[in-house]
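The chains referred to below are lettered A, B, ... by the order of the sequence lines, with proteins before strands, and numbering in each begins at 1.
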Amino acid sequence: MMDSGFDRRDFLKVMGWSGAAVALSGCGNTSIEDGKETVVSYVEAADFVIPGIGVYYNSSCAQCDAGCSINGKVREGRVLKLEGNPASGINNGKMCGLGQAGVQHHYNPDRVREPLLRNGNQGEAISWEKAYALIAEKLDGVSGEEIAFLSGGVSGHLKVLLGNYLSSFGCKNHFVYEALSPGVVRAANKKAYGVEMPRYNINKAKVVLSFGADFLGAWVSPVHFSQQYAQFRNGADGQRGVLIQVEPKMTLTGANADRWVPIRPGTEGILALGIINALGTATGDIAAAVKNYDKVRVSKETGVPPGQIDKIAAILKLRSPSLVLAGGAAEGYAHGSQNAAAINLLNHVLGNVGKTIVAPVTVPFPQMAPAKGNTAALKSLNDGLAAGNFKVLFNYAANPVYTAPGAMKFKDNMAKAEFKVAFTHYLDETALQADLVLPLDSALEDWGTQVPEYMTEGAQINILQPLMENLHPNTRGMGEILLALIKQRRPEEYKNYEDYYAYLRAALVQNKNAFGGHSMDDDTFWNETLTKGIIKLAGTTTALNGGTNVSSLKLPTPAEQDEQFPLQLIPSVNISLRDGRNSNQPWLQESPDPLTTIVWDSWMEIHPKKAAELGIVEGDIVEVTSRVGSIKTQAYLFPGIHPDAISIPIGQGHEAMGRYAKGYGVNPFKIIDTVFDRETGELAMHETRVKVSKTGQRVIIVKDESAAGAKQVREKIAGRVSTDNVDLSKEV
Amino acid sequence: MHRFLRISVLLTGLFAAVSVYAAESLQTTQMTEDSLGPLVEQPIEFPHNRHAGDAGKGGMEINCMYCHTYARRSAVAGIPPLQKCIGCHQGIESVREAPRIKKLFEYWDAKKAVPWKKVHDLPDFVRFNHERHIKRFVEQQNRPFQEVCGYCHGDVKEMTVARRSKALSMGWCASCHQKDHAVVAEGGTQIGSQAYWYTFYKPEATDGSTDVLKAKGPNDCWQCHK
Amino acid sequence: MKDIREDIAWAKINQDVLKSLENPRKLYWVILFIALAMLGVAVGCEVYQYEVGMGVANMDNPHMWGLYIATFIFWIGMSHSGTLLSAILHLMHADWRKPIYRFAEAMTTFSLLTAGLFVAVHLGRVWQIYYALPYPNERGTWPNFQSPLLWDAMAIFTYLSSSIIFLYVGMIPDLAICRDRIHEGWRKKLYTLLSLGWEGTDRQWRNFRVTYLTVACFLIPLAVSVHSIVASDFGMSQQPGWHITSFPPYFVAGALYSGCAAIITLFIILRYVFRFEEYMTLPILKKIVRLTFAIAMVWTYLNAVEFASVWYSHDQASKDVLIQKASGTYAPFWWAMIFCGSIVPLVLAFKRFQTNIPVLFAVSLLLNLGMWLERWMIVAPTFSHGIYPWTWDHDQWPSFVQWGMVFGSFGWFTLLFMVFCKVFPSVSMYEVKEMVYHRSQQSKKQEETGKFAAAGKGAH
Amino acid sequence: MSISNLLENWSQFRHTHPVEDKPHDPYKWAMSIDLDACSGCNACSVACYAENNLPVVGKEKYANGQVMHWIRIEHYWDEDVGEEGGREFPDQGAQFLPMMCQQCEAAPCETVCPVGATNHTPDGLNSQIYNRCIGSRYCSANCPYKVRYFNWYDYPSTENIWPAEMTQQLNPDVTVRGKGVMEKCTFCVQRLAAAKVTAKSEGRIVQDGEVQTACQQACPTSAISFGNLVDPESRVHKQWRAQQVELDKDKQAKDEKEGGTELRGYRILEDMRPYPSVMYLERVRESAI
């Protein structure tokens with residue numbers, strides 16, 4: 001397909017004078033014109049470059065951590081559209097909306113284009129040489145302990161390089177922070193199965209009982225799970241899978257469930273134990289642990305009717321194998337670990353371990369394995385900053401000023417570091433606090449490798465490669481920057497690598513035997529790798545070896561009614577905006593939230609019954625007050641939420657990050673209590689209690705849903721049929 | 001009163017007749033009429049006549065497809081990369097010092113594409129497909145390139161820089177699409193089965209004696225406007 | 001009371017009518033200026049809309065059509081009364097129409113001109129409006145003859161041109177009078193040109209009568225068809241509330257209704273402004289009022305027919321639209337329409353109000369308002385509450401651009417009408433003369449027969 | 001452009017729907033959407049924005065109902081959820097429905113356009129010709145599904161819709177629409193055209209799976225199938241046949257049967273006789289739980 005990477009870069013060039021003018025004059029040029037426009041032409045062109053015909057490159061999606069492989073369509077040197085790469089086991093050629101919007105990350109008009117140095121409140125454009133020199137100067141005489149590096153999840157060669165850079169000045173303070181991470185579930189899984197993230201075979205389960213795991217929406221690897229879900233619905237042996245979702249606020253997965261069970265927030269573990277009790281198949285320790293969780297008590301504490309518990313137990317008993325998942329809604333409490341442990345216990349009791357929960361494969365290069373982000377890291381960083389332990393702070397792919405709970409006062413603590421460097425694409429909230437802002441290449445311009453945390457049958461390393469020439473001449477790849485920085489410290493070791501591309505190529509080609517390139521020469525192997533965009537490996541399988549130790553399982557009985565703050569705040573995760581790092585991509589802003597169809601704003605979901613009690617109607621601007629603060633947003637009456645809870649989506653309320661993000665909606669992180677999971681130290685996102693009061697203002701909510709209130713009213717628009725009345729076996 | 005009625009009937013009839021005549025006759029005039037476009041000044045005054053012209057007139061009879069190679073593979077004909085010009089011209093010493101060639105090499109040395117101006121620039125909502133037309137008329141009907149290309153581009157081998165000489169209006173395109181064209185002519189390549197034609201009209205053997213399959217061009221709007 | 005005094009001298013008629021062409025009073029200029037200002041608002045709105053896009057009118061999906069189409073129907077409807085008075089009543093030999101038909105016909109022409117503008121204003125790409133014309137072109141394409149909108153355009157264009165011809169032809173003898181009475185200035189030239197050398201010879205009168213009659217005959221089917229076609233814009237679609245077979249007669253009745261109401265309004269204004277009490281007499285007014293009342297009842301009946309046929313049908317979507325009209329966000333307007341269109345005209349049933357000018361003036365304005373609301377209530381609720389519930393939208397209201405354009409259209413109409421009244425005789429002189437002559441002949445006859453009868457009686 | 005040509009072509013343009021005697025051959029593009037698989041994730045909609053140069057209109061215009069999504073995800077609650085005496089919670093979930101132009105065979109929009117800017121193609125698509133459109137919006141007024149979107153503003157020149165950088169993303173195969181024209185889902189006609197050109201040059205017809213619409217390609221649960229209904233080998237053809245849904249019927253024979261049917265294929269607003277080309281498969285819910 002191509003000769004070598006360097007020639008290829010030439011072809012990535014945007015051809016013609018302005019690709020933009022060609023496309024945009026759509027309805028402008030309405031008659032024959034002679035000699036007004038210029039023809040797209042080349043100086044030199046490879047055979048496969050034909051004007052008017054797309055060229056496709058395989059790369060990887062960097063919009064979230066799921067690690068989907070993409071196939072980018074490039075025309076005349078411009079990347080137009082991303083499709084899924086069918087060769088990837090993770091997304092099999094499919095793409096979510098978030099991934100599609102990757103081009104808007106690349107073409108975003110608000111990207112930082114020059115290295116910026118703080119000068120008062122202004123950023124002053126400086127050269128890269130100066131920026132690098134400045135970093136060297138600031139690091140000079142600072143001990144390794146005084147340097148902190150904050151990043152989002154990193155993996156692959158970037159992680160290797162980063163580790164080497166940090167160790168070059170003896171820094172061990174690498175904080176890996178993801179605002180939304182299944183940190184508690186990982187820990188509970190480690191205990192129950194011996195691995196942090198086992199492989200879930202949703203497609204092989206006949207019943208999936210999910211405690212708030214939004215696997216179709218934003219949980220772990222949604223595109224992969226969505227495909228499994230489709231197979232699960234068709235049924236491996238003709239029997240359609242049954243999905244039961246237990247959660248206080250309906251997620252996208254809940255909306256697709258056969259039975260959505262609203263539960264009192266925080267009592268998920270109790271219900272899990274209640275189901276074990278109702279199953280009656282447990283023996284020994286487990287039976288003893290659940291013996292007090294009879295239907296009546298469980299029903300009283302969780303609010304789930306006893307009949308419902310029986311039904312769930314019956315269907316789990318009847319149809320095997322099943323799969324029980326613990327997700328965001330169950331883990332977000334001070335006793336989140338206990339909840340997750342109780343839920344995992346259910347899998348053991350049902351005998352799902354080894355059937356639908358199987359051993360994961362990992363890439364046999366531990367140094368490349370993903371550094372998994374969590375929220376406990378944020379707490380220790382924040383504590384360190386507050387104590388003034390860090391003089392220099394690096395920040396990459398995290399935006400803690402926006403995502404840290406308001407009560408942490410991260411912004412103030414960050415100011416205590418003397419020199420803050422942000423490697424960033426946009427001037428987000430955190431970058432605005434930095435002293436030096438270094439602009440990064442977009443994921444579609446950069447080289448790199450990715451090792452996804454959640455992998456399918458085979459292990460894979462994803463390749464990131466540029467789909468087009470740099471849009472802005474003065475941005476650089478993170479790998480490129482790290483290489484330059486590490487050359488400051490260890491020039492001898494890295495002098496052979498002219499740039500990150502050379503480093504990456506050398507690193508991969510060196511190990512080509514491990515990557516299945518035995519019989520190929522270096523160039524062939526490299527070209528093959530780039531063409532495929534994925535390196536598939538046998539991988540090593542970590543066996544499951546967890547236990548069913550129930551001695552430490554202690555589930556608190558739900559707290560009594562809190563008079564002052566009567567409602568539980570559920571910061572919900574929106575399928576497209578997630579933790580807000582992609583909020584400046586207009587396609588996502590205009591993509592309606594599937595359940596409420598609200599766009600470009602935040603809202604507060606409240607059950608109609610509760611709303612009637614409080615005298616709230618749709619569009620009322622309400623003030624949501626917690627112990628740490630208050631925010632104002634519009635109320636939306638939503639039947640899919642427990643009456644004791646309200647929910648505000650995360651991802652909006654940016655105070656920076658450009659024209660498409662700034663000033664839309666509110667940020668619920670601002671009012672989240674700093675309560676942590678007792679075992680893991682992860683932030684307990686659902687532990688905040690709030691009160692809601694009307695402000696007297698009212699707006700018309702901007703949403704796609706109509707005055708009919710999401711009812712079909714007359715004729716059949718969206719049909720639904722019960723399994724009794726359908727024969728799926730005859731279907732094609 | 002009768003006279004009055006007579007006059008109005010007469011006038012109405014006359015109007016109708018003129019309209020029908022105008023409507024019917026337009027077709028033929030559009031087919032043949034040449035509509036000369038303005039002269040377009042190009043960065044280099046490229047002599048098409050030297051390259052493609054008849055040998056008798058000092059031309060070299062180079063095939064259109066030699067340079068405009070994309071036309072048979074893509075909707076867009078494109079302009080040959082500069083590389084192609086240089087490929088020949090670096091071996092042709094005789095004209096090496098000619099001003100136009102010197103300019104050409106200036107672009108090459110600067111590694112800058114020549115900013116050629118579009119001459120046949122259709123509105124942006126019109127999508128003409130070169131590939132299909134060449135496949136249809138050059139490969140299947142075995143007609144010479146210069147005739148097929150010339151149908152829309154005029155007699156380029158007589159020009160220096162190209163100049164539009166056909167109307168290229170919608171009616172002009174449509175008038176050709178409405179004609180029956182033989183599917184395959186002698187010496188042409190038969191491509192696939194007949195199913196290929198069914199997209200728009202099944203070809204009909206027009207008269208029993210010749211037994212030649214003929215078909216019209218597509219006439220659905222989305223063929224060209226999307 | 002008599003429709004007109006029989007003893008008015010012909011010279012006085014000429015004098016009275018031509019007086020209306022004299023230099024205008026101050027009030028005239030004031031009104032003209034106001035009308036111009038109103039038009040200015042509309043022009044401003046149109047320029048804004050043209051530059052920025054139709055979105056500024058606050059239309060959306062599903063509110064694809066708005067006040068433009070509603071007001072378009074209103075003006076088309078307005079035009080019908082002129083034809084009713086001038087053509088239909090002409091054929092029926094109702095000679096009381098003679099003093100008032102001229103301005104009614106002018107009204108027809110001008111309201112059609114106004115309506116036509118609304119078509120242009122409504123289009124998203126008005127600069128491509130010629131695509132809708134069937135003429136040989138270099139694209140080799142025709143417009144779509146299946147579209148009711150195209151029939152509409154054709155019908156309106158035909159109706160407009162016929163109306164203009166009818167207005168002009170009927171004016172020729174009067175123009176000749178003007179030519180003869182006015183001796184200088186641009187008007188003299190204008191009248192000379194337009195009167196086509198009218199001498200009043202027998203042959204000219206004979207040809208004139210034939211032409212006039214022919215155009216009148218031609219105009220009547222046009223008038224009926226124009227509004228039927230406008231109705232088929234709606235009736236031929238599948239939308240709930242539109243897909244009703246009674247729409248064409250309903251629209252025609254509505255058209256005549258609003259036209260008659262407008263005639264009453266203008267009658268009163270002209271009568272006052274030009275002191276036409278001698279010609280626009282109360283008995284004539286009474287006749288129009290009674291006609292209006294009759295049409296109002298027809299309209300009410302057809303309305304009831306429409307509701308009933310929707311109510312007793314199985315078309316749930318149409319029923320919902322009807323319920324929505326009566327109880328949803330459009331309810332105030334819908335009930336206002338019922339009130340203005342069906343309740344207010346009941347006033348006209350009382351004899352003492354039939355000649356009460358202030359009451360009639362108020363009533364006629366209310367009727368017009370009601371008829372405008374009727375058109376809006378046909379267009380908007382169907383869009384807001386269509387077949388597909390997901391797209392229901394009851395809270396999208398027209399923006400100032402739409403209102404400005406509607407407002408301005410009245411200015412445009414007034415402007416045209418005011419100019420017409422100052423340039424052309426708004427009362428038909430020769431026909432009033434005819435009327436006076438016929439009436440005097442008639443009364444003479446009656447007197448004679450009366451005498452004869454009396455005499456006969458006496459003889460017995 | 002001649003009278004005789006008009007009369008001749010009239011029937012060709014107007015009667016290519018199967019209700020008349022002219023069946024599609026060799027192509028009839030059709031779709032089937034499995035609502036049981038659809039999770040309502042919006043990936044299709046975003047893919048459509050990317051493929052078809054749809055403008056992002058922003059909050060203010062969205063509030064005015066002027067959004068331009070060619071494919072929208074509707075969600076429905078059961079009728080009794082939240083009603084007086086009804087269920088308190090939507091405990092059987094929501095029902096998602098991707099709604100786009102149904103490419104009706106007897107499309108209500110086609111007959112009413114005054115300039116013939118929307119026509120039926122021989123492939124059974126409902127074409128929308130931007131450059132012919134004069135913006136009367138009659139088509140949308142007459143569309144039962146309200147899936148036609150009007151360019152209320154000149155989006156290319158509106159601030160922040162396509163800033164200079166973002167214009168580079170625009171698909172050159174799709175015309176960027178200016179103000180005052182109607183637009184709607186095209187079944188990605190630019191992809192169909194490209195596939196047909198390839199197939200034609202190889203002397204065959206387009207095979208199943210050779211061309212995908214953008215929404216279909218993105219859909220993570222593969223709920224959308226698209227293909228040639230005429231081709232007996234295509235998945236869409238098999239699905240329609242298995243579900244006993246016939247294109248040219250306004251009432252399916254299976255629905256007439258006593259006791260209903262076990263098949264879940266249906267078309268929306270079928271009884272209005274637009275003969276839509278999109279078949280939906282009903283969502284299934286477990287009765288045992």
Q: May I ask you to establish whether A/K711 and D/Y76 are in a cation-pi arrangement, using a distance under 6.0 Å from NZ or CZ to the six-membered ring centre and at most 45° from the ring axis?
A: no
Please determine, by modelled atom types, if [X] and [Y] share a side-chain donor-acceptor pair under 3.5 angstrom.
| X | Y | result |
| --- | --- | --- |
| D/S39 | A/N256 | no |
| D/Q169 | A/H106 | no |
| D/S287 | A/T723 | yes |

Q) Parallel, tilted or perpendicular: which fits the ring planes of A/W587 and D/Y49, with parallel below 30° and perpendicular above 60°? A) tilted
Is [Y] paired with [X] through a side-chain N to carboxylate O contact shorter than 4.0 Å?
| X | Y | answer |
| --- | --- | --- |
| D/R72 | A/D704 | no |
| D/D36 | A/R720 | no |
| A/R111 | D/E165 | no |
| D/E286 | A/R233 | no |

Q) Looking at D/S225, D/A47, D/S32, which makes the most heavy-atom pairs under 4.5 Å with chain A? A) D/A47
Q. For chain A, which of D/A288, D/A242, D/A50, D/G265 has the most heavy-atom pairs under 4.5 Å?
A. D/A50
Which answer fits [X], side chain, backbone, both or neither, if we ask what part of it has an atom under 4.5 Å from a heavy atom of chain D?
| X | result |
| --- | --- |
| A/A257 | backbone |
| A/Q712 | both |
| A/V79 | backbone |
| A/F225 | neither |
| A/R319 | side chain |

Q | By ring pair (Phe, Tyr, Trp, His ring centres under 6.0 Å) - contacts of A/Y660 (at least two apart) | A | none
For [X] and [Y], which heavy atoms make the closest approach, and how far apart are they?
| X | Y | result |
| --- | --- | --- |
| D/F89 | A/P643 | CZ-CD, 3.5 Å |
| A/S722 | D/V284 | C-CG1, 4.5 Å |
| A/E590 | D/V57 | OE2-N, 2.9 Å |
| D/P90 | A/P639 | CD-O, 3.3 Å |

Q | Output field: ring centroids D/W77/A/F638 closer than 6.0 Å | A | yes
Contact between [X] and [Y] at the side-chain level, heavy atoms closer than 4.5 Å - yes or no?
| X | Y | value |
| --- | --- | --- |
| A/H607 | D/E88 | yes |
| D/E74 | A/I717 | yes |
| A/E731 | D/R264 | yes |
| D/F96 | A/L252 | yes |
| D/S222 | A/Q227 | no |

(Q) Nearest 0.5 Å, please: how far is CG in A/D593 from NE2 in D/H75? (A) 8.0 Å
(Q) Between A/K716 and D/E79, does the salt bridge (Lys or Arg N to Asp or Glu O under 4.0 Å) criterion hold? Intermediate values first, please. (A) CA-CA 11 Å; A/K716 177 163 85 181; D/E79 291 302 313; over 6 Å; no
(Q) Less than 4.5 Å to any heavy atom of chain A: does that hold for the side chain of D/C44, its backbone, both, or neither? (A) neither
Q | With sequence neighbours excluded, residues passing salt bridge (charged side-chain N to carboxylate O under 4.0 Å, His left out) with A/D214 | A | none
